[in-house]
Amino acid sequence: MLKSKKNIILIGMMGCGKTTIARLLKDQLKMNWIDMDIYIEDKYQMRISEMFDISEDYFRQKETECCLDVSKMENMIISTGGGVIERCDNIKALRQNGYIIYVDRPIPLILEDIDTSSRPLLKDGAQRLYELYQKRHPLYLKACDYHVDNDGTLEEICSKIILKLKEL
């Protein structure tokens with residue numbers, strides 16, 4: 001369906017819909033899909049929360065190693081963790097063979113859908129999500145090839161993404 005074998009990389013805040021959108025896109029585009037969080041946990045045989053218990057830096061290093069791995073793959077839809085943009089090396093690696101799409105969802109909608117107690121970076125409460133958004137939003141914008149608002153239905157956002165990919 002698409003002209004190239006490049007990867008499609010979804011970035012954005014935790015809970016913005018990256019994984020759900022990736023699952024839908026993989027079926028529509030007949031591509032393979034990989035969730036970075038699952039990949040990291042499988043590769044290191046450790047839960048992300050356990051890595052954060054060691055330190056956030058420890059987790060970020062493992063995440064960077066995995067970005068290098070998946071950047072070598074082809075024809076994949078990759079849903080990343082929300083903080084993948086915190087290291088320039090991650091974006092540099094992912095961009096080598098992929099289009100980066102920033103899935104931007106309003107924080108109140110994210111908070112309706114996620115359990116903040118299960119997210120290591122949100123253990124101090126929902127306000128932390130607003131703080132992270134303020135910090136990360138400019139990084140997402142800088143990193144992306146395409147910025148899409150996720151404030152409608154899943155079908156609408158997938159259609160927007162597919163239309164944009166056909167232009168690339």
What is the minimum heavy-atom distance between [X] and [Y], and which atoms define it?
X    : Y    : result
D37  : G81  : OD1-CA, 4.0 Å
I157 : D149 : CD1-O, 4.1 Å
N150 : G17  : ND2-CA, 4.2 Å
E86  : R136 : OE2-NE, 2.8 Å
A22  : I77  : CB-CG2, 3.6 Å
D27  : K30  : O-NZ, 3.2 Å

Under a 4.5 Å cut-off applied to non-hydrogen side-chain atoms, are [X] and [Y] in contact?
X    : Y    : value
I9   : I101 : no
C67  : V84  : yes
F59  : I40  : yes
I54  : M46  : yes
L29  : L165 : yes
C158 : Q28  : yes
K26  : M76  : no
I85  : I91  : yes

Please check if the side chain of [X] supplies one atom and the backbone of [Y] the other of a donor-acceptor pair under 3.5 Å.
X    : Y    : answer
S71  : L68  : yes
Q45  : D42  : yes
E156 : T153 : yes
K43  : C66  : no
K18  : G15  : no

### Query
Do any pairs count as a ring pair (Phe, Tyr, Trp, His ring centres under 6.0 Å) and have a residue in residues 63-82, sequence neighbours left out, and if so which ones?
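Found none.
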Atom [atom1] of [X] and atom [atom2] of [Y]: how far apart are they, to the nearest 0.5 Å?
X   : Y    : atom1 : atom2 : result
T80 : M14  : OG1   : CE    : 11.5 Å
M13 : Y140 : CE    : OH    : 5.0 Å
I48 : E41  : CD1   : CD    : 4.5 Å
I11 : C16  : CD1   : SG    : 9.0 Å
I78 : W33  : CD1   : CH2   : 12.0 Å

### Message
R87: which residues meet the side-chain contact (heavy atoms from CB on, under 4.5 Å) condition with it, sequence neighbours left out?
### Response
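Checked R87 against side-chain contact (heavy atoms from CB on, under 4.5 Å); matches are D57, R60, Q61, T64, N90.
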### Task
Could I get the full list of side-chain contact (heavy atoms from CB on, under 4.5 Å) partners for N97, not counting sequence neighbours?
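For N97, the residues satisfying side-chain contact (heavy atoms from CB on, under 4.5 Å) (neighbours in sequence not counted) are K6, N7, E74.
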Any residue meeting side-chain hydrogen bond (donor to acceptor under 3.5 Å, both in side chains) with [X], in chain and number order, not counting sequence neighbours:
X    : value
Y102 : D104, H137
R105 : D113
D53  : none

### Task
Report the residue from I100, L141, V103 that forms a side-chain contact (heavy atoms from CB on, under 4.5 Å) with H147.
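Going through the options one by one, the only one that passes is L141.
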[X] and [Y]: same hydrophobic cluster, using ILVMFWY side-chain contacts below 4.5 Å?
X    : Y    : answer
Y130 : I110 : yes
I8   : I38  : no
L109 : I161 : no

### Message
side-chain contact (heavy atoms from CB on, under 4.5 Å) for Y146 and K160? Distances and angles first, verdict last.
### Response
CA-CA 10 Å; Y146 178 53; K160 286 182 200 176; 3.9 Å; yes
### Message
Please identify which of these residues, K62, E65, E50, meets the side chain to side chain donor-acceptor pair (under 3.5 Å) condition with Y44.
### Response
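Option passing the side chain to side chain donor-acceptor pair (under 3.5 Å) with Y44: E65.
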### Query
Is the shortest side-chain N to carboxylate O distance from K164 to E167 below 4.0 Å?
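Looking at K164 and E167, the cut-off is met.
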